[in-house]
Amino acid sequence: MMTRRQRIRAALLTWYDSHARTLPWRVAPDDPRVPDPYAVWLSEVMLQQTTVAAVAPRFERFVARWPTVEALAAAPAEVLMAEWAGLGYYARARNLHACAKAVAERGGFPRTLEGLQALPGIGAYTARAIGAIAFGLEVTPVDGNIERVTARLEAITDPLPGARPVIADAVRTLFDDGPRPGDTAQALMDLGSGVCVPRAPRCGACPLLGDCQGAGKGLAAALPARAPKAVRPSRHGLAWVATHKDRVFLELRPPTGLLGGTLAPPTSPWVEGGPCDAAPPFAGSWRPVGTVVHVFTHFRLTLDVMTAAVVPQALAGRAGQWVERSGLDGCGVATVFRKALALVPEA
DNA sequence: AAGACGGGGGT
DNA sequence: ACCCCAGTCTT
């Protein structure tokens, strides 16, 4: 007689053996090779707060350019930032570099949860993901996917974020301390990504349907419950895009804070309330070329874009660089400023 | 405990 | 156009 836990784990792994996604950083379930901790770490950091579709091509570029953690550690920071541009949460790129240096220095990744979690940019989730997938530690990472799968499986109706510890306990009880921990974690991720999806779960395709208490109660689509969302404030600002022939003037933003370490045109402060009337950073025949709306996690930005043809001498003493418009891809410009620069007509 | 921190995808 | 999604670090 199998217990419910045994049934769930067996069904999950059997499903994974035939349905595992093929991903650039993944070792297939029937492949005897051991996953490369560098690839597991890099992919998991890139995947924090984002999606497989966005990460896959960027991951391939990263490993082609830096095949080992030692190579990444030796990369110049601005080159790494340029490769990261567009992926968001730029502190991850800074921490990635710091982590690579620390790992190269100590001669490899630590093989314990505590050792992993002490590294920059590796928290409770990523430590468990690397531990389970790369080192076979019998632990289960809890990301949004696994949280959702588990809340449904166990019909946990308390709202997030308060329910987080309850769900984490359920994950431990069901999935820790068993065989194939890396495949178990990846199976849960694939299930959450393709079957047990947020809005309209495909319960008919789920290998765990028979043991899913949420589906049994008709609750699956409604779980996990969430506390009411906070209202997102609105801020306004101006961006000044100086042009000279086929170049635009960009500055390096401060290393920490919003979009830290990325290249951007000069902007006004971004203030709550109506349009602002800040003075341009330097003289020019400024004219408006349009407006960009960009939504950040904690506010919505309306950016009015101004442009002027400016001779470089007029900016003498101002730190920054004139960048060719054709070279803007790969040079560390965040998405909001790519949208702004796209509004500026060719000289 | 709460807030800061991007961007992309579905509807 | 709007809504939803998702880890780590700092304060």
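The chains referred to below are lettered A, B, ... by the order of the sequence lines, with proteins before strands, and numbering in each begins at 1.
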Participant: Quick one: do the A:N145 and A:S193 side chains pair a donor with an acceptor below 3.5 Å?
Facilitator: no
Participant: How far does the C1' atom of C:dC5 sit from the matching atom of B:dC5, given to the nearest Å?
Facilitator: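 So the two C1' atoms sit 15 Å from each other.
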Participant: In this structure, how many angstroms lie between the C1' atom of C:dT8 and the CD1 atom of A:I130, rounded?
Facilitator: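 It is 13 Å, rounded to the nearest whole Å.
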Participant: Identify which nucleotide among C:dG7, B:dA4, C:dC2 has an atom closest to any side-chain atom of A:Q48, counting heavy atoms from C-beta outward.
Facilitator: C:dG7
Participant: For DNA chain B, list all stems, counting runs of three or more consecutive pairs where every pair is Watson-Crick or G-U wobble with both distances under 3.5 Å.
Facilitator: B:1-5 with C:7-11, B:7-11 with C:1-5
Participant: Expressed as a whole number of angstroms, how long is the span from A:H298:NE2 to C:dC9:C1'?
Facilitator: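 Checked: the NE2 to C1' distance equals 14 Å.
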Participant: Please enumerate all protein N or O atoms sitting under 3.5 Å from an N or O of nucleotides 7-11 of chain B, with distances to 0.1 Å.
Facilitator:
unit_1 : atom_1 : unit_2 : atom_2 : d
B:dG7  : OP1    : A:Y90  : OH     : 2.3
B:dG7  : OP1    : A:T335 : N      : 3.1
B:dG7  : OP2    : A:H294 : NE2    : 3.2
B:dG7  : O3'    : A:G86  : O      : 3.3
B:dG7  : N7     : A:V295 : O      : 3.3

Participant: Once you round it to whole Å, what is the distance between P of C:dT8 and CD of A:Q117?
Facilitator: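 My rounded result for the distance is 7 Å.
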Participant: Check each of A:F62, A:F109, A:F135, A:W25 against A:W41 using the ring-ring contact (aromatic ring centres under 6.0 Å, His included) test, and report the only one that passes.
Facilitator: A:F109
Participant: So if I take every side-chain heavy atom of A:R226 and compare against C:dG7, C:dC5, B:dA4, which nucleotide ends up nearest?
Facilitator: C:dC5
Participant: Report the distance from atom CD of A:E147 to atom C1' of C:dC5, rounded to the nearest whole Å.
Facilitator: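 Whole-Å distance recorded here is 12 Å.
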Participant: Roughly how many Å is it from CZ in A:R300 to C1' in C:dC4, rounded to a whole number?
Facilitator: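 Those two atoms, CZ and C1', are 13 Å apart.
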Participant: As an exercise, state the distance from OG1 of A:T297 to CG of A:L258, rounded to the nearest 0.5 Å.
Facilitator: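 It is 9.0 Å, given to the nearest 0.5 Å.
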Participant: Counting any heavy atom closer than 4.0 Å, what does A:R164 reach on the DNA or RNA strands: base, sugar-phosphate only, or nothing?
Facilitator: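 A:R164: no heavy atom of the nucleic acid under 4.0 Å.
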Participant: For A:N145 and C:dC5, give me the distance from atom CG to atom P, rounded to whole Å.
Facilitator: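 Distance check: A:N145 CG to C:dC5 P gives 11 Å.
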Participant: Whole angstrom is fine here: how far is it from CD in A:E272 over to P in B:dA4?
Facilitator: 11 Å
Participant: Answer yes or no: is there a donor N or O on one side and an acceptor on the other, between the side chain of A:T14 and the main chain of A:A11, under 3.5 Å?
Facilitator: no
Participant: Any ion pair linking A:K101 and A:E70 (charged N to carboxylate O, less than 4.0 Å)?
Facilitator: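 No salt bridge links A:E70 with A:K101.
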Participant: Assign A:L47 to base, sugar-phosphate, or nothing according to its heavy-atom contacts below 4.0 angstrom with the strands shown.
Facilitator: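 If one applies the 4.0 Å heavy-atom cut-off, A:L47 turns out to touch nothing in the nucleic acid.
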Participant: Give, for atom CG of A:D190 and atom SG of A:C196, the distance between the pair rounded to the nearest 0.5 Å.
Facilitator: 12.5 Å
Participant: How about A:R61: does its CZ atom have over 12 heavy atoms from other parts shown lying under 6.0 Å from it?
Facilitator: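 No, not enclosed.
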Participant: Closer than 4.0 angstrom, basic N to acidic O: yes or no for A:E83 and A:R65?
Facilitator: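 Yes.
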Participant: Do A:S234 and A:R300 have side chains that get closer than 4.5 Å, going by heavy atoms?
Facilitator: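 In short, these two side chains touch, coming nearer than 4.5 Å.
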Participant: CG of A:L160 versus P of B:dA2: gap in Å, rounded?
Facilitator: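 A:L160 atom CG is separated from B:dA2 atom P by 14 Å.
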